Number of protein chains: 2
Amino acid sequence: MISNARSAYQVHDHQRCIDAALNRARQCCAAANARLTPIRETVLLLIWKSHKPLGAYSIVEQLPALTGKRIQPPSVYRAIEFLLELRLIHRIPSLNAFIGCPFPGSEHSDVFMVCRQCGSAAEVSADNLNQLIAETTHKAGFQLESQTVEVSGLCLACNPETPH
Amino acid sequence: MISNARSAYQVHDHQRCIDAALNRARQCCAAANARLTPIRETVLLLIWKSHKPLGAYSIVEQLPALTGKRIQPPSVYRAIEFLLELRLIHRIPSLNAFIGCPFPGSEHSDVFMVCRQCGSAAEVSADNLNQLIAETTHKAGFQLESQTVEVSGLCLACNPETPH
DNA sequence: GGTAAAACGATATAATGTACCAACTTTGTC
DNA sequence: GACAAAGTTGGTACATTATATCGTTTTACC
């Protein structure tokens, strides 16, 4: 099992998250022979600025401060589409929002834990869980191709019962 | 494990699905002291007319044929909200669409199998899967409150490798 | 029958996402 | 370098999904 929950939900040097994410992105793009253009990189940066899923129109609003000019929704959605395809970000359907993938490149399925209080989201990837989902749906006659698990509740930091 | 996959994906007497669903709905409403008004019942009927998740605006379009008058989006969304609260239907976030719940009243978490080819969706509820999701997220420090699992792939009927 | 709560009607508008086409940039080839 | 092809961006308009607001009607209950 791998997860970024500890870092996502607790105080940490977030600049390191951002730097690491951008470095991984550059590597992924180089490997895929894809171009991480300024718009794409800035959109990825904005998404990584926090551990809260970010909506497309929030990105549209925040881009001018970083680029000096307004960028229209279609361009933002194109950047998002690019980042999704390279699996550098994920879409969280119930929020219509996007979050950086902490471990791109590694084969994994999406399990997101969204805190209903602070809004942060972390990702976890667990082989045995993926396997059980595959088995369960297979028993129901379904040939699984992709999956998204969304969990809502309280994160480490927001749960009063957590010692920390 | 309980699932409606067999009936959802294969030829069957769908009128029985509809009738059963409406009967369950009446029981649920009576038990909850809630009113299954004509609009609400018609919306539920429309959602149950097929095993494909139905969008709110499809309902808006189809209602006049059943009720004789146009019903505006807010009224439809209010009916949907009511049905969601009573757990008579589910929302499938990735589709912005709604599907009838085949086993309301019984405590369960949502696992949806959406066929990418025919668009039908079935639901499965498996205790061991729910438990593993709870365990996995708990290990990551998360206190789970609700979950939605969406699986995409090929259903029984659309999978050429399925003998049937 | 009077009253409060619940439900509905109707208009307007917010939020999210896409189609389309023109212009510009990069890449590869000669 | 000149050129063509592919990829990327700019910009307008529009489609789709969802909600805010307020006035009216219906229902439940005493």
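Note that the structure is predicted; figures quoted are calculated from it, not measured. Proteins get letters first, then strands, A, B, ... in listed order; numbering begins at 1 in each.
- Once rounded to the nearest 0.5 Å, the distance linking CD1 of Ile89(B) with CZ of Phe82(B) reads 10.5 Å.
- By the stacking rule of 5.5 Å between ring centres and under 30° between planes, Tyr77(A) does not stack on the base of dT18(C).
- Within the structure, every side-chain polar atom (N or O) of Lys69(A) is placed at least 4.0 Å from both OP1 and OP2 of dT9(D).
- Here the side chain of Arg116(A) pairs no donor or acceptor atom with the backbone of Leu154(A) at under 3.5 angstrom.
- Atom CG in Leu36(B) sits about 15 Å away from atom C1' in dA6(C), given to the nearest Å.
- The separation between Arg70(A) atom CZ and dT12(D) atom P is 11 Å, rounded to whole Å.
- Atoms CD1 and OG1, on Ile92(B) and Thr148(B) in that order, are 9.5 Å from each other to the nearest 0.5 Å.
- Closest-nucleotide positions on DNA chain C for Gln72(B) and Ala79(B) were compared, and the one nearer the 5' end corresponds to Ala79(B).
- Both Gly55(B) and Pro74(A) lie near DNA chain D, and the one whose nearest nucleotide falls closer to the 5' end is Pro74(A).
- Mapped onto DNA chain D by nearest heavy atom, Arg35(B) and Arg78(B) fall at different nucleotides, with Arg78(B) at the one closer to the 5' end.
- Rounded to whole angstrom, the span from the CG atom of Leu86(B) across to the P atom of dA7(C) amounts to 10 Å.
- Between the C1' atom of dT27(D) and the CG atom of Asn33(B) lies a distance of 12 Å, rounded to the nearest Å.
- Between Ile80(B) atom CD1 and dA7(C) atom P there is a gap of 16 Å when expressed in whole angstrom units.
- Among the nucleotides dA10(C), dG10(D), dT12(D), the one closest to the side chain of Ser75(A) is dG10(D).
- Between the side chain of His12(B) and the backbone N or O of Gln10(B), at least one donor-acceptor pair lies under 3.5 Å.
- Between Asn96(B) and dT16(D) there is no side-chain polar atom (N or O) within less than 4.0 angstrom of OP1 or OP2.
- Using a 4.0 Å heavy-atom criterion, one finds that Arg40(B) contacts the sugar-phosphate atoms exclusively.
- The separation between Leu84(B) atom CG and dT19(D) atom C1' is 15 Å, rounded to whole Å.
- At distances below 3.5 Å, at least one donor-acceptor pair connects side-chain atoms of Thr136(B) with backbone N or O atoms of Leu132(B).
- We find that CD1 of Ile59(B) is positioned 16 Å from P of dT16(D), with the value rounded to whole Å.
- In terms of position along DNA chain C, the nucleotide closest to Ile71(B) lies nearer the 5' end than the nucleotide closest to the other residue of the pair Tyr57(A) and Ile71(B).
- Rounded to whole Å, the distance from CG on Leu95(B) to P on dG17(C) is 13 Å.
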